[in-house]
Amino acid sequence: MEHIRMPKVENVRLLDRLSSRKAALGTLYLTATHVIFVENGSETRKEIWVLHSQISSIEKQATTATGCPLLIRCKNFQVIQLVIPQERDCHDVYISLIRLARPVRYEELYCFSFNPKLDKEEREQGWRLVDLNEEYNRMGIPNSYWQISDVNRDYGVCDSYPTEVYVPKSATAHIIVGSSKFRSRRRFPALSYYCKDNNASICRSSQPLSGFSARCLEDEQMLQAIRKANPGSDFIYVVDTRPKLNAMANRAAGKGYENEDNYSNIKFQFIGIENIHVMRNSLQKMLEVCELKSPSMSDFLWGLENSGWLKHIKAIMDAGVFIAKAVAEEGVSVLVHCSDGWDRTAQVCSVASLLLDSYYRTMKGFMVLIEKDWVSFGHKFNHRYGNLDGDPKEISPVIDQFIECVWQLMEQFPCAFEFNERFLIHVQHHIYSCQFGNFLCNSQKERRELKVQERTYSLWAHLWKHRADYLNPLYRSDHSRTQGTLHPRVAPCNFLYKFWSGMYNRFEKGLHPRQSVTDYLMAVKEETQQLEEELEILGERLANLQKSQLSDTKIEGKQQDRSKQPGLSASNNSLANTPQEYSSDLKSFPSRSPSQGDEEDSALILTQDNLKSSDPDLSANSDQESGVEDLSCRSPSVGGCLPSEDSGKDSDEAVFLA
Amino acid sequence: MLRSSQPLTGPNRRRCREDEVLLATVLDEGERGFVIDTRSAQAAKQARMSGGGTEPKASYPHWRRLHRPLERGRPLQESFIKLVEACNDTSITMDRWLSRLESCRWLSHVKAALSTACLAAQCLDREEANVLVHGPEGTDTTLLVTALAQVILEPSCRTLTGFQGLLEREWIQAGHPFHLRCARSAYSHARLKQEAPLFALFLDCVWQLGRQFPFSLEFSERLLLALFDNAYASAYGTFLCNNERERCLCKVKENTHSLWAWLNQPAERKKYLNPLYSPNALVIWPSVEPQSIQLWQGLFLRWVRSSQYLDEAWAETQRLVEG
């Protein structure tokens with residue numbers, strides 16, 4: 001609280017991004033964990049809650065006659081434009097927010113004060129929801145080819161790896177330790193995914209410290225061990241996800257890549273995914289396009305292409321497809337690395353796993369995938385997503401890209417995933433929110449030292465509790481599509497990659513389809529299920545009734561029925577008619593009129609365990625008709641935006657009155 | 001909402017009492033009207049040199065003119081051809097795809113058409129003013145705007161039957177020259193002067209509306225694709241010729257079958273229904289931001305990529321809803 005200069009400012013205006021004429025007047029509050037805007041007046045009382053962890057940047061703009069504008073950009077792509085009447089107040093808020101958004105100690109983060117009112121047992125149970133040992137068992141390990149190794153039990157070999165790693169049977173502790181000395185950050189080759197059908201595997205590591213000519217016997221033996229663990233193939237692929245030029249440049253620094261001459265039976269492959277700096281800039285450029293006020297189609301498409309974002313997404317996807325093909329179709333094991341083996345390697349391994357194994361397309365499986373390839377393998381959450389104040393050059397949307405790859409796949413294969421878009425958006429949100437402890441720090445070692453599991457709650461338990469909101473109604477576990485490998489089209493397929501406005505324009509409800517098909521279908525599904533259950537119960541009742549009618553306890557039966565269900569007549573005829581009513585009931589569903597438009601994106605992004613949502617509630621702004629915003633309030637996009645060549649200039653303003 | 005063609009003002013600023021009276025009588029006491037001209041102000045002015053023009057303010061006092069240029073004719077056909085080529089081009093890499101898409105301009109035309117239709121709808125619904133829509137001929141962009149505006153405004157136009165009625169009224173009877181406009185489509189080498197995909201643009205816009213309002217159209221994408229096909233080549237006489245007069249002369253009604261009759265047979269009809277449909281009595285206002293306008297994959301990628309997984313999803317949706 002000592003960082004808060006001004007806990008409360010009144011008469012603050014919240015501007016609507018698309019229409020500067022629409023502004024809500026309210027009060028701004030700063031607390032230890034949130035920035036809160038509460039709209040003045042009447043019933044709607046729109047509130048916006050933003051966690052400090054979500055704040056990416058704050059911009060204080062030039063004071064105008066109306067006040068001092070403050071622009072808050074969030075990591076979940078929410079953009080909040082405030083106008084604070086007094087410049088001095090604005091400055092105080094600005095300074096406070098700068099400090100609050102850049103914590104220096106972990107204890108300042110919300111997860112250490114968040115209290116969902118669960119008891120100790122529930123908290124612990126939440127953390128046990130995802131168990132990696134169980135996962136490797138599910139894959140079929142340990143077996144005759146793979147074993148668990150405790151060589152890293154005290155993080156003595158590699159401090160960014162987990163204590164338990166899975167290695168080929170023929171990889172002794174000596175080989176592992178030797179190999180780790182020859183790998184950047186000591187990240188030796190370890191198992192990410194094992195395909196029990198053909199023994200092919202996906203292993204991951206960092207780049208070898210090969211320079212121009214260095215060799216390491218143990219590292220070469222390690223790769224041989226991986227090859228031997230797959231008797232079905234006499235070679236392995238080594239995939240370097242970097243562009244060739246970058247990898248070669250690394251050689252000058254004593255690192256580099258595997259030389260096919262030195263490592264027996266490997267086939268080497270560059271994939272060419274750009275580094276974290278390129279990705280950071282790419283996202284930045286794309287967000288600038290999103291912030292354009294009423295862009296033309298040209299502005300938008302050019303801007304999007306210029307950012308290169310979709311090109312990068314496709315590159316990651318192509319890499320995943322290559323690896324999945326190698327494993328599933330060729331039955332060849334793959335060793336994947338980039339520079340340090342914690343960014344592009346994680347992306348590519350998890351995309352490949354998702355394509356290969358339908359388990360990872362279930363909700364639980366997806367949580368396991370993230371725990372395995374991102375959390376346990378030491379992806380640097382703190383550095384990449386700015387839990388604490390740090391080097392801005394380390395910030396990069398690495399996991400965002402992975403999550404987008406999943407969404408792109410969901411769009412191509414709508415029936416193949418158990419979870420829906422909202423699930424992905426909420427996962428992304430919470431990676432940045434630091435409301436839960438799963439994504440703190442840079443490694444398992446740091447998290448254990450910080451005692452994260454004893455002091456915070458698990459996101460997975462929270463999402464699991466609300467899983468009904470995250471289901472994909474089109475998913476069927478028995479569906480042929482959901483079994484086995486997904487084969488995304490690799491070429492030509494540029495047109496299949498879409499701009500994810502659900503994520504990058506998440507808070508601009510006006511841009512999205514007004515009516516959520518997913519929610520509607522889920523509701524239909526639930527209703528159908530309920531009705532089917534009821535039908536069953538009534539069927540049983542009918543059968544019982546028929547039975548009791550045959551015996552002498554007929555009168556008793558009728559009385560029992562009446563007391564249970566007063567409306568239900570005990571006569572056989574009416575019971576026989578009810579199924580027909582049910583089917584017509586289904587047709588008159590939904591009870592929620594589609595014209596009401598979107599529901600709140602989420603009451604589940606809980607900042608307290610009540611219904612305060614960090615999503616702006618636009619229902620107050622939207623037209624009562626069809627639940628849709630009044631077009632005239634978004635004047636730039638209609639009418640005004642097309643260049644009018646009237647010399648008279650009498651047209652535009654006439655039509656679009658405030 | 002009225003539609004017409006351009007007034008023949010000409011270089012000498014001719015006037016026509018009857019035309020002025022006609023438009024004046026449309027307006028009640030104190031009401032005003034808007035003329036939405038689908039040409040740019042400059043193009044409209046230039047049209048005077050060849051005998052056309054615009055409604056001068058002085059002669060039509062309560063009508064305000066708005067210019068919303070919409071592409072038609074040769075340039076629109078080029079746009080269409082370019083897009084089809086781009087979708088078929090296997091050599092484009094991801095870092096060139098979007099600019100290639102942009103250079104086709106097709107999505108810009110969709111955006112412009114929707115925006116103009118929304119403008120017309122807004123005049124009627126929000127301003128409660130009368131609207132006159134016209135381009136040069138009243139047979140192309142005019143019909144695009146009036147038909148789209150009705151889909152936006154009028155729930156009955158969103159039913160399967162109502163939509164057919166809309167097409168009959170606003171495209172066929174209104175004299176859109178189908179025979180000239182839908183001659184060879186995008187692959188032909190013959191670049192016919194009169195060919196232009198206005199109707200395809202209209203169907204694209206309707207598809208966009210359906211995507212943004214998945215519950216509000218009684219018909220599915222399948223109907224739109226069937227209409228597209230039949231406009232170019234059909235076993236039925238519905239889209240033949242260029243106007244009612246020609247159809248009478250050719251005795252189309254006596255010699256051919258109607259597409260609508262076939263579509264409305266119960267067995268056929270249900271293939272074109274949208275399982276998510278729920279009558280929405282309100283106006284549907286689409287978003288015309290670039291993010292909201294998407295490439296109509298069902299039409300442009302129809303033969304390029306397999307729709308297997310999307311069809312599956314559609315079938316599953318139907319199964320869930322119909323039980």
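We name chains A, B, ... by the order of the sequence lines, and we start the count at 1 in each one.
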Do other residues, nucleotides or ligands put more than 12 heavy atoms under 6.0 Å from [X] [atom1]?
{"X": "B:R319", "atom1": "CZ", "value": "yes"}
{"X": "B:W314", "atom1": "CH2", "value": "yes"}
{"X": "B:K82", "atom1": "NZ", "value": "no"}

Closest approach of [X] and [Y], non-hydrogen atoms and distance?
{"X": "A:P414", "Y": "B:L310", "answer": "CG-CD2, 3.9 Å"}
{"X": "A:V524", "Y": "B:L320", "answer": "CG1-O, 3.4 Å"}
{"X": "B:P290", "Y": "A:S296", "answer": "CG-O, 3.7 Å"}

Taking every heavy-atom pair that is under 4.5 Å apart, which of B:I92, B:L98, B:L276 has the most such pairs with chain A? B:L98
State, yes or no, whether a side-chain contact exists between B:Q291 and A:F300 at a heavy-atom distance under 4.5 Å. yes
Let me know if B:T93 has heavy atoms under 4.5 Å from chain A in its side chain, its backbone, both or neither. backbone
Check each atom of B:L301 against the heavy atoms of chain A and say whether the ones under 4.5 Å are side chain, backbone, both or neither. side chain
Distance from [X] atom [atom1] to [Y] atom [atom2], nearest 0.5 Å?
{"X": "B:R305", "Y": "A:F495", "atom1": "CZ", "atom2": "CZ", "result": "7.5 Å"}
{"X": "A:C415", "Y": "B:E316", "atom1": "SG", "atom2": "CD", "result": "5.5 Å"}
{"X": "A:K311", "Y": "B:R96", "atom1": "NZ", "atom2": "CZ", "result": "8.5 Å"}
{"X": "A:F499", "Y": "B:S292", "atom1": "CZ", "atom2": "OG", "result": "10.0 Å"}
{"X": "A:Y520", "Y": "B:T317", "atom1": "OH", "atom2": "OG1", "result": "10.5 Å"}
{"X": "B:M94", "Y": "A:H312", "atom1": "CE", "atom2": "NE2", "result": "11.0 Å"}

Per-residue contact mode, A:E532 against chain B (heavy atom under 4.5 angstrom): neither
In terms of heavy-atom pairs under 4.5 Å, which option from A:P295, A:S501, A:S298 contacts chain B the most? A:S298
Closer than 3.5 angstrom, by distance alone: can the side chain of B:E102 be matched with the main-chain N or O of A:L301 as a donor-acceptor pair? no
